[in-house]
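Each chain gets a letter, A, B and so on, in the order its sequence line appears, and its residues count up from 1.
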Number of protein chains: 2
Amino acid sequence: MAVKQTYNVERFFQALGDHTRLRLLNLMGDQEICVCYFVEILGGPQSKISRHLAYLRSAGIVSARRESKWMHYRIVMPPHIGATQILKQTLGWLKEEKTMQTDRARLTKACCSPSKYVLLEGAPPPIKLEAPSCEVC
Amino acid sequence: MAVKQTYNVERFFQALGDHTRLRLLNLMGDQEICVCYFVEILGGPQSKISRHLAYLRSAGIVSARRESKWMHYRIVMPPHIGATQILKQTLGWLKEEKTMQTDRARLTKACCSPSKYVLLEGAPPPIKLEAPSCEVC
DNA sequence: CTTTCATATACGTCAATGCGTATATATAAG
DNA sequence: CTTATATATACGCATTGACGTATATGAAAG
């Protein structure tokens, strides 16, 4: 039978212990976002973004969905009430950080006029989610 | 003038991303505790405990007080409302974890009969704190 | 099938971290 | 001063993690 194994708390916190990953989570918020937006807004090599997204996936904090060429990422609440509460609180906290506000503003701007960004030509826009999918709430 | 610099969020989460450090924080709770109790309850080499306590100190999550030969550690709430809330929530979460409950039970036991533990002969007992010292609440 | 585009992974390097062992430091006791 | 006790730090080693660069994969277009 399926034994309810203890959630990996350490891995969860480790995933939150990196600036780039926090920026990614902040951009996702309650939206499902295409990787190309992350690359555009965070800058730097695309592989860097992809590696951090993989880390978040391995920690069970985000999930990915393929849509033809594009990959969409969204936050998924961990299967643990404690982790879920902390993640939500962290996301709220990030909204007050200056860097994070700037990132979000740039995302909004990019979404309004994607044609101005070479990387975003024809890119699928973010999809507003009703509520962050949560397995415990 | 003293500029309010941004709190190091990443360092905060990194400090929480280790099992031994979470066990230490769980044992402290709202008490000020002598290092010898940590050594007794967590087991393993004393240097390991000391190193993790140093890490928590460097992250600003605990503070140390010397009382003759003994060092007492307590949790100090970070100078940031967001981090404080998350730390409190984490401490509450830990109380529900099995390993953490066992640790706390062992601490209680050790405090009731310190004479049974060679390491704790004459050790100063934990000191209940009125409330976790918090700089932002 | 070949090319193109979006994304993921492999590789090599370097810094950070965790651990056990040994040693240093600080205080108290004799 | 010497010794004993409590705690912290230094050292060497193994692992993890972050990075840039290069390459692989997967899907669509020609």
Side-chain angles (χ1 to χ4, degrees), chain A residues 8 10-24 28 32-59 62-74 110 114 117-126, chain B residues 8 10-24 28 32-59 62-74 110 114 117-126:
Chain A
N8 191 339
E10 294 78 30
R11 186 70 175 174
F12 171 74
F13 282 121
Q14 285 168 359
L16 299 181
D18 179 271
H19 189 58
T20 302
R21 287 195 290 269
L22 289 179
R23 290 179 74 188
L24 290 170
M28 287 181 225
E32 188 188 52
I33 300 190
C34 176
V35 172
C36 53
Y37 287 92
F38 298 135
V39 175
E40 173 66 36
I41 291 168
L42 297 200
Q46 166 265 329
S47 63
K48 177 177 173 179
I49 306 292
S50 195
R51 255 186 281 113
H52 282 293
L53 287 171
Y55 196 114
L56 289 170
R57 255 188 292 125
S58 79
V62 305
S63 72
R65 180 178 64 88
R66 175 178 288 278
E67 181 191 341
S68 72
K69 291 193 296 186
W70 294 280
M71 291 292 285
H72 298 257
Y73 279 81
R74 69 164 72 186
Y117 302 82
V118 179
L119 288 172
L120 301 179
E121 284 281 358
Chain B
N8 190 338
E10 294 78 30
R11 187 69 176 173
F12 171 74
F13 282 122
Q14 284 167 0
L16 298 181
D18 178 271
H19 188 58
T20 302
R21 289 196 288 271
L22 289 178
R23 291 179 74 188
L24 290 171
M28 286 181 226
E32 188 188 53
I33 300 191
C34 176
V35 172
C36 53
Y37 287 93
F38 298 136
V39 175
E40 171 67 36
I41 291 168
L42 297 200
Q46 166 267 326
S47 64
K48 176 176 173 180
I49 306 292
S50 195
R51 254 186 284 111
H52 283 292
L53 287 171
Y55 196 114
L56 289 171
R57 255 189 292 128
S58 80
V62 305
S63 72
R65 179 179 65 86
R66 176 178 288 278
E67 180 191 341
S68 72
K69 291 193 296 189
W70 294 282
M71 292 292 285
H72 298 257
Y73 279 81
R74 69 165 72 187
Y117 301 84
V118 179
L119 287 172
L120 301 179
E121 284 281 358

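- Although no hydrogens or angles enter the test, the distance criterion places a donor-acceptor pair under 3.5 Å between the side chain of A:Q14 and the main chain of B:G17.
- Minimum atom distance to the side chain of B:S50 is reached by D:dT7, of the listed C:dA8, D:dT7, C:dT21.
- For D:dG17, the OP1/OP2 oxygens have no side-chain nitrogen or oxygen of A:H52 closer than 4.0 Å.
- Separating the CZ atom of A:R51 from the P atom of D:dA22 is a distance of 14 Å, rounded to the nearest angstrom.
- Rounded to a whole Å, the CD1 atom of B:I49 is 12 Å from the C1' atom of D:dT7.
- As a whole-Å value, the separation of B:L22 CG from C:dG18 P is 11 Å.
- Here the straight-line distance linking atom CG of A:L24 with atom CG of A:L56 works out to 6.5 Å at 0.5 Å rounding.
- Distance from the side chain of B:R66 is smallest for C:dT27 among the nucleotides C:dC19, C:dT27, D:dA6.
- Remark: P of C:dA26 and CZ of B:R65 are 19 Å apart, rounded to the nearest angstrom.
- For A:Y55, whose side chain is taken as the heavy atoms from C-beta onward, the closest listed nucleotide among C:dT21, C:dA8, D:dA18 is D:dA18.
- Put simply, SG on B:C36 and CD on B:Q46 are 11.0 Å apart, with the number rounded to the nearest 0.5 Å.
- Looking only at side-chain heavy atoms (C-beta outward), B:R11 and B:S58 come within less than 4.5 Å of each other.
- Using a 4.0 Å cut-off, no side-chain N or O of B:R57 falls inside it from OP1 or OP2 of D:dT7.
- Closest contact between the side chain of B:V35 and the listed nucleotides D:dT7, D:dC19, C:dC19 involves D:dT7.
- For A:R21 and D:dA18, the shortest distance from a side-chain N or O to OP1 or OP2 is below 4.0 Å.
- Following rounding to the nearest Å, B:R23 (CZ) and C:dG18 (C1') show an atom-to-atom distance of 15 Å.
- Atom CZ of residue B:R65 and atom NE2 of residue B:H72 lie 5.0 Å apart, to the nearest 0.5 angstrom.
- Rounded to whole angstrom, the span from the CD atom of A:E67 across to the C1' atom of D:dA27 amounts to 12 Å.
- Distances shown here put a side-chain N or O of B:R11 below 4.0 Å from the OP1 or OP2 atom of C:dT17.
- Within the nucleic acid shown, B:S68 comes within 4.0 Å of sugar-phosphate atoms alone, with no base atom in reach, counting heavy atoms only.
- Residue A:K69 is in base contact, counting any heavy-atom pair closer than 4.0 Å across all strands shown.
- The nearest whole Å value for the distance from the CZ atom in A:F13 to the C1' atom in D:dT16 is 19 Å.
- Between A:L53 and A:F38 there is a side-chain heavy-atom pair separated by less than 4.5 Å.
- Nearest-nucleotide assignment on DNA chain D puts the 5′-proximal partner with A:Q14, out of A:Q14 and A:G44.
- Not a single donor-acceptor pair, N or O on each side, falls under 3.5 Å between the base of C:dA6 and the side chain of A:Q46.
- Side-chain nitrogen and oxygen atoms of B:Y73 include none within less than 4.0 Å of the OP1 or OP2 phosphate oxygen of D:dA6.
- Nucleotide C:dA26 holds its P atom 18 Å from the NE2 atom of B:H72, rounded to whole Å.
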